[in-house]
Participant: 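I have a structure here, written as structure tokens, and I will follow up with some questions on it.
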Amino acid sequence: MTVLLVDVANTVGSRPDGWWRDRAGATARLLEQLAALPGRELAGPDGEPVTVTALVAVVEGQARDVEAPAGLRVVRAPGSGDDALAETAADLADGDDDLLVVTADRGLRDRLPAVARIAGPGWLLAAADRAADPAEG
């Protein structure tokens with residue numbers, strides 16, 4: 001059982017799809033896509049199955065006011081998204097479920113609890129794409 005903690009700005013920024021023209025819109029679209037993941041079993045970053053028990057998404061800046069889809073917990077960073085993500089990771093690391101943090105930010109990775117596993121945005125986006133494909137699901 002795994003909680004996914006997502007660095008949303010980092011994940012949105014990993015695809016050059018014009019997100020910079022509408023950060024809030026790109027964030028809302030990503031959150032809608034990620035809302036399908038809780039309760040699913042995914043192929044983890046190492047290929048082993050990961051059962052997603054919850055998904056926590058950290059949003060910041062212009063995307064802070066996006067609506068949270070049902071089934072997701074959205075943390076709205078009042079300042080630095082990295083600070084909010086590191087604090088949330090520390091809180092989640094105390095739970096019973098494994099913690100898998102999605103970010104490509106190396107500086108942020110260094111601030112995460114030792115028990116946190118890490119995956120890059122590419123893994124998450126591919127997993128979300130597979131979950132959205134009826135032939136895969």
Side-chain angles (χ1 to χ4, degrees):
M1 306 300 235
T2 302
V3 174
L4 291 182
L5 175 58
V6 180
D7 181 346
V8 172
N10 190 264
T11 302
V12 165
S14 70
R15 278 191 178 165
D17 60 2
W19 60 264
W20 51 90
R21 290 188 291 269
D22 181 11
R23 292 172 196 258
T27 296
R29 287 187 298 277
L30 175 64
L31 293 178
E32 281 297 326
Q33 190 176 19
L34 297 180
L37 299 182
R40 294 188 72 128
E41 184 175 280
L42 310 174
D46 58 2
E48 293 297 316
V50 171
T51 301
V52 180
T53 53
L55 194 143
V56 181
V58 177
V59 296
E60 62 183 284
Q62 295 173 357
R64 187 174 31 246
D65 295 328
V66 298
E67 201 165 314
L72 295 187
R73 175 178 160 211
V74 174
V75 174
R76 301 172 192 287
S80 161
D82 287 359
D83 289 348
L85 199 136
E87 183 177 313
T88 302
D91 290 344
L92 292 171
D94 291 336
D96 293 332
D97 290 333
D98 291 330
L99 176 61
L100 179 57
V101 180
V102 178
T103 186
D105 184 323
R106 291 180 191 211
L108 176 57
R109 288 178 176 201
D110 292 340
R111 297 174 58 191
L112 298 174
V115 299
R117 295 182 331 166
I118 301 169
W123 167 79
L124 178 64
L125 293 170
D129 287 346
R130 283 190 301 276
D133 183 352
E136 297 279 339

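The shown structure was predicted, so the numbers you read here are calculated from the model rather than taken from an experiment.
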Participant: Is any NZ, NE, NH1 or NH2 atom of the basic residue among D129 and R15 found under 4.0 Å from an Asp or Glu carboxylate oxygen of the other?
Facilitator: yes

Participant: If you measure from CG on D105 to CG on D82, what distance do you get to the nearest 0.5 Å?
Facilitator: 4.5 Å

Participant: How about E67: does its CD atom have over 12 heavy atoms from other parts shown lying under 6.0 Å from it?
Facilitator: no

Participant: Please give me the minimum heavy-atom distance between L85 and L5, naming the atom from each residue.
Facilitator: O-CD2, 3.8 Å

Participant: Can you check whether L99's main-chain N or O pairs, donor with acceptor, with T2's side chain at less than 3.5 Å?
Facilitator: no

Participant: Could you go step by step and tell me if D98 and T53 meet the side chain to side chain contact (heavy atoms under 4.5 Å, CB included) rule?
Facilitator: CA-CA 9 Å; D98 291 330; T53 53; over 6 Å; no

Participant: May I ask you to test the R109-V101 pair for a side-chain heavy-atom distance under 4.5 Å?
Facilitator: no

Participant: When you look at CG of D96, are more than 12 heavy atoms from neighbouring residues, nucleotides or ligands closer to it than 6.0 Å?
Facilitator: no

Participant: Hey, are the side chains of V8 and V74 touching, using non-hydrogen atoms and a 4.5 Å cut-off?
Facilitator: no

Participant: Determine yes or no for a side-chain-to-main-chain donor-acceptor pair under 3.5 angstrom, with W19 supplying the side chain and A9 the backbone.
Facilitator: no

Participant: Rounded at 0.5 Å granularity, tell me how far CG in L42 sits from CD in E48.
Facilitator: 13.5 Å

Participant: Using side-chain heavy atoms (C-beta onward) and a distance below 4.5 Å, is L92 in contact with R73?
Facilitator: yes

Participant: Nearest 0.5 Å please: distance from the CG atom of L4 over to the CG atom of L55.
Facilitator: 5.0 Å

Participant: With a 4.5 Å limit on heavy-atom distance, are the side chains of L124 and S14 in contact?
Facilitator: no

Participant: Under a 4.0 Å threshold between the charged nitrogen and the carboxylate oxygen, would D65 count as salt-bridged to R76?
Facilitator: no

Participant: Answer yes or no: is there a side-chain heavy-atom contact under 4.5 Å between D97 and M1?
Facilitator: yes

Participant: P121 and N10: which non-hydrogen atoms are nearest, and at how many Å?
Facilitator: CG-OD1, 3.3 Å

Participant: Do V75 and E87 come within less than 4.5 Å of each other through their side chains, counting heavy atoms only?
Facilitator: no

Participant: Find the distance between OG1 (T103) and CG (L112) and round it off to the nearest 0.5 Å.
Facilitator: 7.5 Å

Participant: Report the distance from atom CD of E60 to atom CG of D7, rounding to the nearest 0.5 Å.
Facilitator: 7.0 Å

Participant: For the residue pair L72 and P38, what are the closest heavy atoms and their distance?
Facilitator: CD2-CG, 4.1 Å

Participant: First locate atom CH2 of W123, then atom CD1 of I118, and finally report the distance between them rounded to the nearest 0.5 Å.
Facilitator: 12.5 Å

